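First up is the structure itself, then whatever we jot down about it.
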Amino acid sequence: MAEIEKKPIKIMETVLRDAHQSLIATRMTTEQMLPIVDKMDKVGYHSVECWGGATFDASLRFLHEDPWDRLRKFRDGFKNTKLQMLFRGQNILGYRPYGDDVVEYFVQKSVANGIDIIRIFDCLNDLRNLQTAVKAANKEKAEAQVALSYTLGDAYTLEYWVDIAKKIQEMGANSICIKDMAGLLLPYQATELIGALKEAVDLPIQLHTHYTSGVASMTYMKAVEAGVDVIDTAISPFALGTSQPATEVMVEAFKGTPYDTGFDQNLLAEIADYFRPIRDEALESGLLNPKNLGVNIKTLLYQVPGGMLSNLTSQLKEQGAADKFYEVLEEVPRVRKDLGEPPLVTPSSQIVGTQAVFNVLMGERYKMATKETKDVLSGKYGATVKPFNEEVKKKVLGDNPEIITCRPADLIPDEMETLESEMAQYKQQDEDVLTYALFPQVATDFFKYREAQQKKVDATIADTENGNYPV
Ligand code: CO
């Protein structure tokens with residue numbers, strides 16, 4: 001047998017970001033994470049994903065934590081491991097597109113506070129929506145990783161993925177991620193896709209998938225054999241189900257092969273021991289729904305992300321129309337086609353899902369269109385892979401609609417100055433203006449909470465100095 005060249009597979013650990021976002025609604029606190037950082041730092045992970053995505057919103061809104069402070073604490077603790085974040089292109093970590101100056105400043109501050117790798121994606125895979133963030137990451141000397149939202153459909157041929165990967169290389173990205181948020185990539189398709197990408201571009205390729213449909217570890221194995229450079233896994237107590245394949249399992253599976261990670265299973269076991277009680281507690285409190293831990297074969301059947309299925313169920317329940325579930329599920333791919341067949345990921349998954357619900361419940365397609373549907377059809381989110389359904393577009397937008405064909409952010413004026421003046425009274429650190437930019441109301445509530453806490457501490461100190469020790 002010919003000697004196979006050694007190529008240890010690299011691993012990104014997701015427990016501090018995607019795994020708890022996927023399983024327990026992003027509710028892990030900084031206090032729960034910090035005690036294990038030291039051990040995690042010794043594993044030899046390619047990177048630890050620990051910031052961005054929904055963590056920013058959730059720490060402010062539900063945990064009353066300053067996300068910047070969390071990041072700085074990670075940076076202090078992880079002395080040898082790269083820190084990675086997930087970034088929604090022009091939407092940063094929020095839900096609307098921002099001016100370029102906000103995107104640039106956010107990237108600058110993320111890197112200054114400790115981020116090494118920024119994974120940037122757009123729900124339409126419109127690369128123009130990523131361009132500012134990629135340039136900013138280049139400027140800050142961070143790794144700019146462009147993530148392609150993986151999806152199935154007529155438009156998404158091997159040629160499409162190869163072509164867009166080449167464009168990503170040309171735009172100055174340092175690596176490419178295939179981001180399969182729904183767990184749709186099947187093992188043998190991974191062989192084809194990764195093989196084609198490795199042939200087409202020189203950039204490292206990272207694969208991100210979810211266990212939702214049950215195929216993820218097999219997909220990783222095939223992807224590794226096809227030459228993928230990095231895979232995303234979660235330590236076992238926070239693995240499987242709607243999260244990623246388990247780190248220890250993938251490490252063991254490649255042991256003694258050219259892909260051997262060399263990781264210490266005893267160390268991984270200690271890390272798993274640390275996280276297990278946190279998971280058990282979440283199961284007991286109901287924060288972790290056991291349903292999220294099984295295989296959801298419907299995601300393969302309907303080719304929609306698991307999260308979208310549960311959103312549809314609850315939307316229909318609210319309307320007292322739970323019996324319309326399958327009708328809506330059949331309407332989803334039709335709406336998706338009408339809207340240019342976008343990948344289904346935040347926010348396009350919500351836009352397509354809600355419009356499908358409207359179409360079914362109103363008894364007439366597009367009798368009512370949401371503001372977001374109108375915005376997609378008028379180009380405000382960017383360009384889709386396939387053209388829109390012209391008939392639908394006419395019905396929704398009327399005869400002479402205003403259509404955007406340029407990069408949507410070209411129409412957004414710089415906004416840092418306005419934001420600075422709006423929140424000046426709360427500012428305690430430069431980063432506060434970015435927190436405010438993303439979630440004005442939640443940030444203001446947090447700033448007030450923070451001030452109240454500080455006053456409490458001051459009062460306690462004054463009391464202590466007066467001899468009134470708290471008991
Ligand atoms: Co994910």
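Note that ligands are numbered from 1 as they come in the structure, with each ligand's atoms numbered from 1 the same way. Just so you know, these numbers come straight off a predicted model, no measurement behind them.
Interatomic distance, CD of E270 versus OH of Y274, reported as 13.5 Å (0.5 Å rounding).
For the side chain to side chain donor-acceptor pair (under 3.5 Å) test with Q244, the passing option among D232, D18, T233 is D18; the others fail.
Within the structure, salt bridge (Lys or Arg N to Asp or Glu O under 4.0 Å) contacts touching residues 77-98 (residues at least two apart or in different chains) are R96-E415.
For the residue pair S285 and R27, no side-chain donor N or O sits within less than 3.5 Å of a side-chain acceptor on the partner. Of the N and O atoms on the side chains of T29 and E65, not one donor lies less than 3.5 Å from an acceptor on the other residue. With no hydrogens or angles considered, no side-chain donor-acceptor pair links R17 and T55 at under 3.5 Å.
Around the Co ion (ligand 1), the protein atoms of type N, O or S that sit closer than 2.8 Å are D18 OD2, H208 NE2, H210 NE2.
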